[in-house]
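One structure is given below, encoded as structure tokens.
Throughout, protein chains are lettered first and strands after them, A, B, ... in sequence-line order, and every chain is numbered starting at 1. As the structure is a computational prediction, the values presented were derived from the model and not from experiment.
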Protein chains: 2
Amino acid sequence: MAPELASKSVKLSTDLPLDSGQVLSGVEIAYETYGELAADKSNAILICHALTMDQYVASDHPITGKPGWWAQSVGPGKVIDTDRYHVICANVIGSCMGSTGPASLASDGKPYGMRFPVITIRDMVRGLVGLLDGLSIERLHTVIGGSMGGMQALSLAANWPERVERVLAIATTARHSAQNIAFHEVGRQAIMADPNWHDGDYYREENSPDNGLAVARMAAHITYLSEEGLTEKFGRRLQDRDAKSFGFDADFQVESYLRYQGSGFTQRFDANSYLYITRAMDYFDLAEEHGGKLADAFAKSRARFCVISFDSDWLYPTAESRHIVHALNAAGAPVSFVELSAPFGHDSFLLDVPALDRVMKGFIDG
Amino acid sequence: MAPELASKSVKLSTDLPLDSGQVLSGVEIAYETYGELAADKSNAILICHALTMDQYVASDHPITGKPGWWAQSVGPGKVIDTDRYHVICANVIGSCMGSTGPASLASDGKPYGMRFPVITIRDMVRGLVGLLDGLSIERLHTVIGGSMGGMQALSLAANWPERVERVLAIATTARHSAQNIAFHEVGRQAIMADPNWHDGDYYREENSPDNGLAVARMAAHITYLSEEGLTEKFGRRLQDRDAKSFGFDADFQVESYLRYQGSGFTQRFDANSYLYITRAMDYFDLAEEHGGKLADAFAKSRARFCVISFDSDWLYPTAESRHIVHALNAAGAPVSFVELSAPFGHDSFLLDVPALDRVMKGFIDG
């Protein structure tokens with residue numbers, strides 16, 4: 001967690017009104033850009049990130065040193081071609097990579113902690129629209145997002161319809177299901193049960209609630225992968241040993257992998273941000289915001305839509321994408337929809353799926 | 001946790017050799033019986049319990065006061081008719097309701113804690129066979145089990161083929177998958193991350209690792225229910241409020257339900273038992289025990305088998321039951337197999353599924 005790591009940052013010129021009725025002042029949005037903005041500003045693509053991602057979509061992560069989370073798809077000559085497009089990716093509010101979140105300092109000079117207001121997906125998009133205003137970008141060529149990024153893309157299209165021409169929503173949903181909420185609640189309870197959490201006021205303590213955050217990450221991580229993918233990748237294979245230890249070490253490779261995912265995550269993510277962002281996702285119900293009918297959310301949209309799901313994604317299964325597509329159809333919006341076959345589960349949108357590249361490129365460039 | 005609550009208990013006359021190579025001495029097995037044992041002892045049915053269940057299959061639970069976990073199916077005139085059969089249900093070793101487990105006293109007069117040996121499903125069955133020996137019951141009319149109980153039923157049939165005539169395995173598997181292991185590992189990490197766990201040595205402390213155990217239970221509980229079942233039962237309905245609180249209370253019914261499941265569980269279950277029993281389940285691979293070929297596990301069996309799965313069970317999906325059935329077919333064992341349609345997910349075996357009753361009754365009485 002290092003809020004000062006963002007390479008670029010703007011301070012929004014106005015306060016951010018939130019869905020809760022509260023107002024967030026002095027909002028900073030940290031972002032990265034790639035490629036040149038055309039003189040007529042017609043080539044701007046906004047990429048919205050998922051729960052635990054950040055603005056480093058195509059540049060090395062400043063903490064882990066790993067390549068950007070979508071570096072395979074974003075860059076010169078790549079699917080999202082930065083020789084043609086001006087790509088913007090910003091850290092959402094509530095997160096911990098430079099945009100205002102629970103680790104930021106409140107007006108009293110102390111970290112917000114749990115005094116940070118509960119935000120929604122629409123509030124995150126308010127922050128992104130504030131950034132676009134700051135960059136004087138009136139209208140996006142395309143907004144793209146997978147998972148929570150897809151929620152933001154849909155929210156932008158629904159609530160700021162004049163700001164976007166193309167909407168690409170991948171492996172996402174228009175509302176969190178009971179099972180989605182349940183998994184997030186397990187993660188939140190794991191964090192809040194960690195005595196180092198201190199009701200969210202741990203920033204000046206020696207220890208952070210890393211154990212709870214790691215458990216939260218482990219539980220969530222299982223939902224990002226498919227049962228088949230886990231079986232193929234790990235099966236019942238043992239980790240660096242020939243026989244079971246008859247103990248509680250990580251005998252199985254899948255245990256070792258999960259522990260690694262959990263502990264690695266705590267190096268780069270803030271537990272309070274995890275609470276706030278999962279809450280925003282659980283609160284997300286795009287239909288509810290628009291009188292209960294999802295089609296009405298898209299009534300004012302003039303954008304073209306592309307919706308992509310993966311057959312092995314059990315977190316946001318294809319039925320959720322179909323639900324979005326039906327609403328877009330009912331709203332008379334132009335939409336193409338494809339369910340791709342990929343073995344990786346929800347995380348397929350981050351992995352090497354050639355068909356995804358082809359569909360994305362066709363839609364963006366078309 | 002109250003190891004003295006068992007209404008009946010036997011101390012095994014011999015030490016229990018374990019799969020780990022260790023030996024467990026002075027083993028107590030706590031059990032309940034229902035119905036009269038016939039003079040020729042031909043009517044004994046052994047019911048094997050699941051991970052968090054116990055011997056109170058058809059009698060009120062001594063801690064919670066709730067009816068036995070299968071009281072709807074076991075009793076006079078019921079599907080498992082105690083007017084006809086002598087039903088035995090014993091707490092497995094490693095558990096915490098009277099049979100020897102990590103909360104029991106070791107030879108030094110102190111609770112085992114993590115000094116308790118890691119056990120396997122076959123070790124649990126060794127304990128059950130020891131009980132049958134103690135009761136002078138040579139041969140069971142039927143062994144029945146759902147989930148982990150089904151693993152025990154299959155293990156008994158495979159390893160003590162002369163002890164059983166009919167085997168009824170419900171919503172179970174012959175081996176834990178990578179995903180099964182992953183969910184259990186999350187639970188174990190949640191328990192071990194709880195500072196009240198004290199490396200398992202918490203029995204004389206003021207507090208137990210209840211927070212960790214509750215998180216473990218919550219994560220597991222999601223896997224016991226189907227996505228559809230959760231949606232039907234809770235959807236996105238709010239708990240005792242008209243609008244979202246924009247806070248971290250249990251706004252959604254599903255959150256409230258999960259928290260209740262988690263906290264209620266800690267009243268009646270021991271965290272170390274949860275570690276040991278989940279470990280036993282993760283280690284379970286019936287084929288591996290028999291040279292790698294599941295059919296070979298049943299080579300000596302003369303029993304009739306009935307295998308039942310549920311279409312909404314994603315913990316042990318129908319494919320796992322089919323895998324068992326194919327092995328039984330290959331071994332030449334008589335087997336009937338049915339996938340039942342029920343909306344409740346894995347927990348369907350514990351709930352009101354009339355078709356399950358009919359299939360069970362037909363098999364047991366037939």
Only pairs of heavy atoms separated by less than 4.5 Å count here; which of [options] has the most with chain B?
options                               : result
A:Asn180, A:Ile119, A:Thr231, A:Asp19 : A:Asp19
A:Tyr257, A:Phe252, A:Tyr283          : A:Tyr283
A:Gln189, A:Arg279, A:Glu227          : A:Arg279
A:Leu18, A:Asn211, A:Leu230, A:Ile181 : A:Ile181

Should the ring pair [X] and [Y] be called parallel, tilted or perpendicular, given that the plane angle runs from 0 to 90° and is split at 30 and 60?
X        : Y        : answer
B:Tyr274 : B:Phe265 : perpendicular
A:Tyr112 : A:Phe116 : perpendicular
A:His176 : A:His184 : tilted

Non-hydrogen side-chain atoms of [X] and [Y] separated by less than 4.5 Å:
X        : Y        : value
B:Gln239 : B:Glu255 : no
B:Phe269 : B:Ser95  : yes
B:Gln179 : B:Trp314 : yes

Report yes or no: do A:His221 and A:Asp347 form a side-chain donor-acceptor pair below 3.5 Å? no
Check: B:Ser147/B:His346 side-chain N/O donor and acceptor closer than 3.5 Å: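 A pair is found: one side chain offers a donor N or O, the other an acceptor, under 3.5 Å apart.
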Part of B:Val186 within contact of chain A (heavy atom distance under 4.5 Å): both
If I measure from the heavy atoms of chain A, does B:Asp285 come under 4.5 Å with its side chain, its backbone, both, or neither?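 When you check distances to chain A, atoms from both the backbone and side chain of B:Asp285 fall under 4.5 Å.
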Portion of [X] that has a non-hydrogen atom of chain B nearer than 4.5 angstrom:
X        : result
A:Arg259 : side chain
A:Gln22  : neither
A:Thr120 : side chain

Quick one: which of [options] has the most heavy-atom pairs under 4.5 Å with chain A, could you say?
options                                : answer
B:Pro195, B:Gly21, B:Ser177, B:Ser226  : B:Pro195
B:Ser20, B:Ala193, B:Gly262, B:Pro117  : B:Ser20
B:Lys244, B:Lys233, B:Met218, B:Arg237 : B:Lys244
B:Asp251, B:Leu258, B:Asn196           : B:Asp251

So for atom CD, which belongs to A:Glu205, do other residues, nucleotides or ligands contribute more than 12 heavy atoms lying within a distance under 6.0 Å? yes
